[in-house]
Asks: 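This is the structure I want to talk about, given as structure tokens.
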Amino acid sequence: MGVNPASVLNRLLRNNTRKPTTQPTNANSTINRILTHLNAGRLRKAVSILFGFPEPFPYSLYARLFQLCSSNLAIVEARKVESHLVTFSPAPPIFLLNRAIEAYGKCGYLNDARELFEEMPQRDGGSWNAMITAYAQGGCPEKALLLFFQMNSSGVYANEITFASALGSCAAILALFLSRQIHGLIVKYGFYGNVILGSSLVDVYGKCWVMSDARRMFDEIQNPNAVSWNVIVRRYLEMGDEKEAVIMFFKIIGENTTPLNFTFSNALIACSSISALNEGIQIHGVAVRIGFEEDEVVSNSLIDMYVKCGKLESAHRIFDQLGSKNVISWTSIVSGYAMSGRTGEARKLFDEMPEKSVISWNAMLAGYTRFFQWEEALDFIFLMRKTSKDIDHVSLGLILNVCAGLSDVEMGKQVHGFIYRHGFYSNLLVGNALLDMYGKCGSLRSARVWFYQMSHWRDSVSWNALLTSYARHGLSEQAMTIFWEMQWETIPTCANIFALEQGKQIHGFMTRKGYEIDTVVRGALVDMYAKCRCLEYALRAFKQAASRDVILWNSMILGCCHSGRGREVLELFGLMEEERVKPDHVTFQGILLACICEGLDELGRQYFNSMSNDYCIIPRLEHYECMIELYSRYGHLDKLEDFIKRMPFEPTVPMLTRIFDACREHGHLRLGEWTAERLNESNPSIPFRFEIMDRVKLDKL
DNA sequence: ATAGGGTTAG
């Protein structure tokens with residue numbers, strides 16, 4: 001690499017005089033050196049000579065540098081580039097600062113991005129988009145949405161990029177209501193035909209379990225692309241509608257679109273889970289026809305499909321023809337032999353594997369346990385512990401099955417200890433396997449103790465495990481008692497149908513028998529008594545709790561709301577904060593309801609604002625409704641008007657109806673007419689006409 | 001200038 005003599009001279013001169021800015025500098029030579037570094041992929045080197053030139057560079061160079069910092073995740077360099085930019089350009093253009101925000105965001109330094117965003121003297125739509133996208137892609141969907149709201153209320157118009165990030169954030173937190181509002185805005189702003197937004201909507205609706213809406217949205221996309229198709233297939237698969245997933249896959253082939261490799265694997269997974277071998281074979285044919293058989297993802301998915309459909313020979317044939325086999329191909333084939341009882345052949349293949357993962361180990365072990373080969377399983381576990389550091393919840397579940405199969409409670413206890421030390425105890429699969437192990441080993445006491453410790457996360461499998469182990473040991477009476485205890489779980493039902501008497505009976509029976517009440521049951525009791533308007537009983541059950549989580553607090557708070565005891569709610573909230581329990585959106589709904597009971601509009605407003613400002617909780621539909629009710633009921637119509645117009649989404653029809661009534665009742669012409677107009681827009685067949693009630697009209701005159 | 005889906009094996 002030749003050294004530019006001019007630049008060397010320059011550097012010497014600068015070092016000698018110590019007054020660099022007064023010296024003539026050769027901009028072009030510095031830029032050329034930087035560009036040479038960049039073209040050779042030496043970003044760090046390029047950035048290191050930046051400050052040797054103490055004057056602004058052309059904007060295009062900064063732009064290129066930021067872009068490279070983004071793609072290389074180079075945070076240090078990004079900071080240096082920004083520093084140079086703002087040091088030597090008194091008023092850097094907004095678009096360059098936006099690119100700096102993007103770079104910080106891509107590197108995962110959201111605080112840097114936010115700081116720059118806040119400090120910018122001027123912002124354009126791109127600045128908001130860059131910041132929102134940074135949050136959305138940086139794992140902070142709530143923050144992205146909060147910023148999206150602020151953008152809307154500060155009068156900056158959202159564009160398709162903003163909407164894409166907002167929808168992505170909605171999908172991450174399954175915010176269905178918000179998605180619908182944003183959908184409305186997309187239509188309103190004229191971005192209706194955008195494929196990316198269309199696909200994002202399909203995605204959100206599907207993730208929120210409203211497949212009918214997802215499908216309707218998909219059908220509305222004029223030219224769905226490969227991603228759109230992938231989304232719809234995947235959503236059907238995850239919803240458990242495998243048949244529709246496969247049908248959609250074959251529809252792609254009729255279109256002029258090439259499916260993505262992941263779409264192949266999604267369709268093949270669908271075939272496996274419904275044992276649709278013929279369809280799987282057809283998909284195999286498609287893959288061959290369009291030259292996807294070489295694709296790693298597609299071929300592995302094909303192997304697995306054949307394995308799961310019981311066609312080991314077909315699977316093996318693909319496996320043998322494979323140019324490059326990876327862990328996944330190997331594991332699939334091993335699993336195929338192991339799970340069909342051919343553990344000897346599976347083991348031979350397993351031992352040949354050039355590389356193994358936890359999943360490979362688990363696949364082999366699962367074969368031994370499924371066919372009750374306990375001795376082989378035990379040896380295998382020792383080998384596994386010796387050779388591999390990896391272990392996960394599936395391994396632990398299988399190991400516990402082996403302990404159970406060998407009736408080795410001592411080994412089981414050791415595994416229990418391991419589970420405790422490594423933080424696996426809150427995993428339901430592991431928890432139930434532990435329960436099953438104690439049951440099968442005849443340690444019913446241990447089973448019982450563990451069962452109570454699982455209170456927060458036990459499910460019907462846990463109950464069944466406990467019941468069958470008692471029954472298996474001929475302890476039918478105790479089994480019956482457990483069955484009785486299951487009645488606890490019917491307490492919530494009593495609450496929902498206001499069956500106070502039945503609820504009390506169960507509570508009384510269990511207390512007399514001396515059964516322990518855990519947090520879950522306690523919450524149900526509080527809820528039941530509160531819903532049945534027995535607030536004293538509810539409070540008593542609440543106070544007796546050894547510890548209280550947010551759910552228990554919410555039960556009590558909403559219970560008070562139910563009986564119109566707003567003051568108590570606010571007191572409870574104070575106590576909750578003292579106990580350092582973090583409130584959630586349900587808590588705030590209770591607080592706002594309390595403010596409605598008590599007519600505390602100013603306090604309500606403060607709590608509403610502090611939700612997002614202090615607690616990072618995005619207000620939901622119900623919170624907005626509470627605020628509207630609060631202002632409407634007590635006639636604060638100017639505040640109501642201000643609130644409505646600042647909402648980040650259009651008011652719903654029930655909201656508008658409530659406001660309309662309030663305006664009539666309290667005589668607010670401007671807001672009343674505004675509301676009537678909107679109501680008529682949404683349903684022109686029944687025109688609303690705003691007239692202030694006669695009495696009020698007279699007062700005003 | 002900035003935007004969407006998906007990571008196949010137990």
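Residue numbering restarts at 1 for every chain, and letters A, B, ... go by the order of the sequence lines.
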Asks: May I have the distance from A:Phe262 (atom CZ) to B:dA9 (atom P), rounded to whole angstrom?
Replies: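 Computing the A:Phe262:CZ to B:dA9:P distance gives 12 Å.
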Asks: Decide yes or no, distance alone: a donor-acceptor N/O pair under 3.5 angstrom between the base of B:dG4 and the side-chain of A:Ser199.
Replies: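 Such a pair exists between side chain and base.
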Asks: Atom CD1 of A:Ile196 and atom P of B:dA3: how far apart are they, to the nearest Å?
Replies: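 Roughly 9 Å, once rounded to whole Å.
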Asks: When you look at A:Asn129 and A:Asn98, which way does the side-chain hydrogen bond (donor to acceptor under 3.5 Å, both in side chains) test go after all the steps?
Replies: CA-CA 9 Å; A:Asn129 286 345; A:Asn98 295 349; over 6 Å; no
Asks: Rounded off to whole Å, could you give me the OH-to-P distance for the A:Tyr135 and B:dA3 pair?
Replies: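 Roughly 17 Å, once rounded to whole Å.
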Asks: Nearest whole angstrom, please: distance from the P of B:dG6 to the CD of A:Glu238.
Replies: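 These atoms are roughly 7 Å apart.
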Asks: What nucleic acid atoms does A:Asn230 come within less than 4.0 Å of, heavy atoms only: base, sugar-phosphate, or nothing?
Replies: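 Base contact.
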Asks: Do A:Ser332 side-chain and B:dA9 base share a donor-acceptor contact under 3.5 Å?
Replies: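 By the distance-only test, no, there is no pair.
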Asks: Once you apply a heavy-atom cut-off of 4.0 Å, does A:Val394 come out as touching a base, just sugar-phosphate, or nothing?
Replies: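 Contact class for A:Val394: base.
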Asks: Starting at CG of A:Leu68 and ending at C1' of B:dA1, how long is that distance when rounded to a whole Å?
Replies: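 From A:Leu68 CG to B:dA1 C1': 14 Å.
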Asks: A:Phe350 and ring pair (Phe, Tyr, Trp, His ring centres under 6.0 Å): which single residue from A:Trp330, A:Tyr337, A:Trp361 fits?
Replies: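 So, applying the ring pair (Phe, Tyr, Trp, His ring centres under 6.0 Å) to A:Phe350 and each of A:Trp330, A:Tyr337, A:Trp361, only A:Trp361 qualifies.
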Asks: In sequence, state the C-alpha distance, the side-chain angles, and the governing distance for A:Arg114 and A:Glu118, and then conclude on salt bridge (charged side-chain N to carboxylate O under 4.0 Å, His left out).
Replies: CA-CA 6 Å; A:Arg114 185 60 189 249; A:Glu118 295 293 344; 2.6 Å; yes
Asks: Can you tell me whether the side chain of A:Asn225 and the base of B:dG4 have a donor-acceptor pair closer than 3.5 Å?
Replies: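 It does, because a donor-acceptor pair links the side chain of A:Asn225 to the base of B:dG4 below 3.5 Å.
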Asks: The side chain of A:Arg99 lies closest to which of these nucleotides: B:dT8, B:dG6, B:dA1?
Replies: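 Closest nucleotide among those given: B:dA1.
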Asks: Does the ring of A:Tyr306 carry A:Arg317 above it, NZ/CZ under 6.0 angstrom from centre and within 45° of its axis?
Replies: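 No, A:Arg317 does not lie over the aromatic ring of A:Tyr306.
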Asks: For a quick check, tell me whether the side chain of A:Ser357 and the base of B:dA9 share a donor-acceptor pair closer than 3.5 Å.
Replies: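 Between B:dA9 and A:Ser357, which were checked side chain against base, a qualifying N/O pair under 3.5 Å is present.
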